[in-house]
Amino acid sequence: MSLSGVRTYARLRAMNAKYDPQTIEARWQAHWADNGTFNVVDDPNRPKYYCLEMFPYPSGRIHMGHVRNYTIGDVLARFHRMRGFNVLHPMGWDAFGLPAENTAIEKGIHPAKWTKDNITSMRGQLKRIGLSYDWTREIATCDPSYYRWNQWIFLKMYERGLAYKKRSPVNWCESCETVLANEQVIDNRCWRCESEVFPKELDQWFFKITAYAEELLSSCDTLTGWPQRVLVMQRHWIGKSEGVEVDFRVIDGPPELQSIRIFTTRPDTIFGATFMSVAPESPVVDLLIKGKNEEQAVRDFVSRVSRQDRTTRTDAGAEKEGLFTGCYAKNPVTGDAIPIWVANFVLYEYGTGAIMAVPAHDQRDFEFARQYKLSIRLVIQNPSGTLDPENLDAAYTEENGFLVNSDQFSGLSAKDGKARIAQWIEEKQHGTQTIHYRLRDWGVSRQRYWGTPIPIIICPTCGLVPVPEHALPVILPSDVPFTGKGGSPLKDIADFAHTTCPGCGNQATRESDTMDTFVDSSWYFLRYTSPHHTDLPVEPAASRRWMAVDQYIGGIEHAVLHLLYARFFTKVLRDLGLTTVSEPFENLLTQGMVCKETYHCPKHGFVLPTDVTDTQQCTHCDSAVVVGRIEKMSKSKKNVVDPEELITRYGVDTARLFSLFAAPPEKDLEWRDDGVEGAARFLNRVWRLVAEYAETIKTVDRNPTQDSADAMHHTSRDLRREVHHRIRKVTQDIEREFQFNTAISAIMELVNVLYTFGFPITDEIKNDEKTLQIMKESLDALVMLLSPFAPHIAEEMWDALGNDSHVLHSSWPQYDPALLQEALLTIIVQVNGKTRGKVEDIPPDWTEEQIVDKVREEPKMSSWLQGKTTHKVIYVEKRLVNFVV
RNA sequence: GCGAGAGUGGCGGAAUAGGCAGACGCGCAAGAUUUAGGAUCUUGUGGGGAACCGUGAGGGUUCGAGUCCCUCCUCUCGCACCA
């Protein structure tokens, strides 16, 4: 359907003198929609370019952050299209999630209706931004044709042991009688009723992302197109650490507990292990204390600690607390009996849930030992030997010392000691070398309605039974009461919950939890390659053609979870044979936030800019308003700019241009109304320039012939050089670093240049074919360079300049390197490195001597050089001469 | 505390590979046009009378440093008892 040259609208007879964005934008948007201009078809003759912006949650309205994000993507998509790429640029909706359900509870609107209406209005808003999406590929994750594949993937993972069920705590609000998502817990209190939130154990589903931990970590090295800081966060989240697991024999424990296994990354310090600490949740605690005097005290301690929420407990500043269990273990290397403690700072989920405590060389153990008067044994001495074992004021945690008090290992460097002791532990069968990850398996169960039903049937006889593939999708029932009470809403829907077991045919119940919405967004980029495929989530051939995403663009807030899950799913789907790539996103651009000044009234809090007088007073109370910090746009701070109002006022080309010009994409953007005015002014300026010449040059052939180039007088040559210089600059800025702000400044420079070189349209000029050709070349180039940023005005001007087809089907302009050569050089003159002047109009073929002599003779240089001995002359080719005197 | 990034005019921000600091825009000022305003166009706009001084502070390398090296300060963002 994408046909160049087809016009749904007659060509303009002449450009209006006045730039009217509303009319122009409506016209071109309708044209693009009517002609399916951006619908992508396979084309083996062109290289592919898959450009993707993170799809939005359909909250109802587009905000400035979306505008910025999608405009960046659109510039890249349009640029690459003009560069000859076959561009895939899709859009869709991350349509499941909590806000829809909250609206249902509060206002009684069904999540499906609310979501659908929001999508409709947001789609309209996006179309109004002129984004070059292939809307035939639109997906919504709440659509059964999408989420059935979530279920399909879930079952495949279940088959492979990558999906499993285990008991795990959720946030439970007693008064609302409901499970809360992490974001609904604020300071350990329920967001709705503010009562305290407690952990509650439920059987829940997990994805075994840890099975891919090593690959997720190691392939970070292949992601050369990702920002360093995102990779740092990913690596840290995975948190690989290499160490040793060691068994410590329990001396006076019960027969079921022969030993306790610990994990340490510092086997070189094992001779300094003077006690052990166990996590309060660890099942060994029960065994250790049974029948001991300490039993009751420890039980009280454990129940108190385990009621604390994780964030306060794992805060580094939190007080270290513990209790002796009454049991001792044997340090396997020293043979000493060391006490076993329960300590709040030991995490059950990490490592083995128990540690050997080396107070001399671990700061936490040190503080703990000091607090409870436990013995401290120095086993690593610093290189200068100044540590006094009797008088440590902190743990010595450096790894550049040498071993002491460590029998046959004493004297070794810590580094060697680490390896040798680890080896020795293995030989003596006290333990094994192991790798641990901080990364935990991904809990995907949500006790929510508005999500993908988990396709599992719970049968009293057969246990967990997967829904057979042919029975997919398990449709989310629509007739559900939204009370905000209880656990999973689906549990109480008889039609849904009651079913028969596919195995034995007896009565069974369906799993009533739904999936985390991160599941939806973990593979949507694959679905876009074949969005209507009905046999599989992804058509393997389509995925082979389009994957990986060449450029992914979105907010830094997704640096860890979404991107990690997407990487994980890609690897799983690769192993299922659905894609050949191991990494979904070749290049990642994380754009900054959109910020704006805030106004704060002492009585009314944050106030709107319209509530502030010229004299900085609040219109409600006359108090002096404080111009606050520049902060991320948010309703609560009353510093939002509504894209729709902005577009109505200035047109979307202006909005796009400003959001790209005000800051480089990865940095925060400070929204300024007068900056928007500037962008609008610029587009008007371009419009007037083109309007002035359009009529005269629209019949002129663009490319100056060699003949005309030879005959060119100097000003024309200079003009062409200026134009080609800007073509290069804009191209490089977009291509290399996404420097859209500097690319736009170069276009502004070009406009300034064209105004400077501009000439009145006289009869003489009208007959000067060569000059007109150069003007035509210049204006065409200007319009093409501008088109990815401000596509509507560019199309309109392209048309007015008499070009066939559309600017978006034109080829991106090429610069001619020969034209970039300066006709005459300007040489900077320095004396002792300080710039003292410049000499202009030097022919480019002059030798170093000629130039230096010429510079020396300059009258204005004499005052700097007279009466001084020149020690040295430094000449930088074609740029600079520096006299060292 | 650890890790990453950043400090440049009144403001947003530019400065290949160490070579004219402040591109481009905003704002401001003057002028032109206009009955006036707006819009537009032109010119100017780092500081200082000047010589000169200027890229967070101090030192270093270099003929020459916003850029490279060392020390420090400030801010932003991540992570934060992970054994």
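As the structure is a computational prediction, the values presented were derived from the model and not from experiment. The analysis underlying the following values was restricted to heavy atoms, covering all of them including side chains, and did not include hydrogens, waters or symmetry mates.
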Heavy-atom side-chain contact between A:Leu589 and A:Pro665 under 4.5 Å: yes

Interatomic distance at C1', B:rA6 relative to B:rU55, whole Å: 13 Å

Phosphate contact (B:rU16 OP1 or OP2) by A:Arg736 side-chain N/O below 4.0 Å: no

B:rU76 - base-pair partner by Watson-Crick or wobble geometry, distances under 3.5 Å: B:rA4

Rounded interatomic separation in angstrom, taking CD from A:Glu749 and C1' from B:rG13: 14 Å

Distance test, side-chain N/O of A:Ser241 to OP1/OP2 of B:rA83, below 4.0 Å: yes

Minimum side-chain heavy-atom gap A:Arg266-A:Glu399 below 4.5 Å: yes

Pairwise 5' ranking along RNA chain B for A:Phe345 and A:Glu677, keeping only the more 5' one: A:Glu677

Pair assignment for B:rG13, Watson-Crick or G-U wobble, requiring both distances under 3.5 Å: none

Touch class at under 4.0 angstrom, heavy-atom based, for A:Gly678 against every strand present: sugar-phosphate

CG on A:Asp393 to CZ on A:Phe366, rounded to 0.5 Å: 6.5 Å

For atom NZ of A:Lys18 and atom C1' of B:rU40, their distance in whole Å: 12 Å

Base partner of B:rG31, which must satisfy Watson-Crick or wobble distances under 3.5 Å: B:rC41

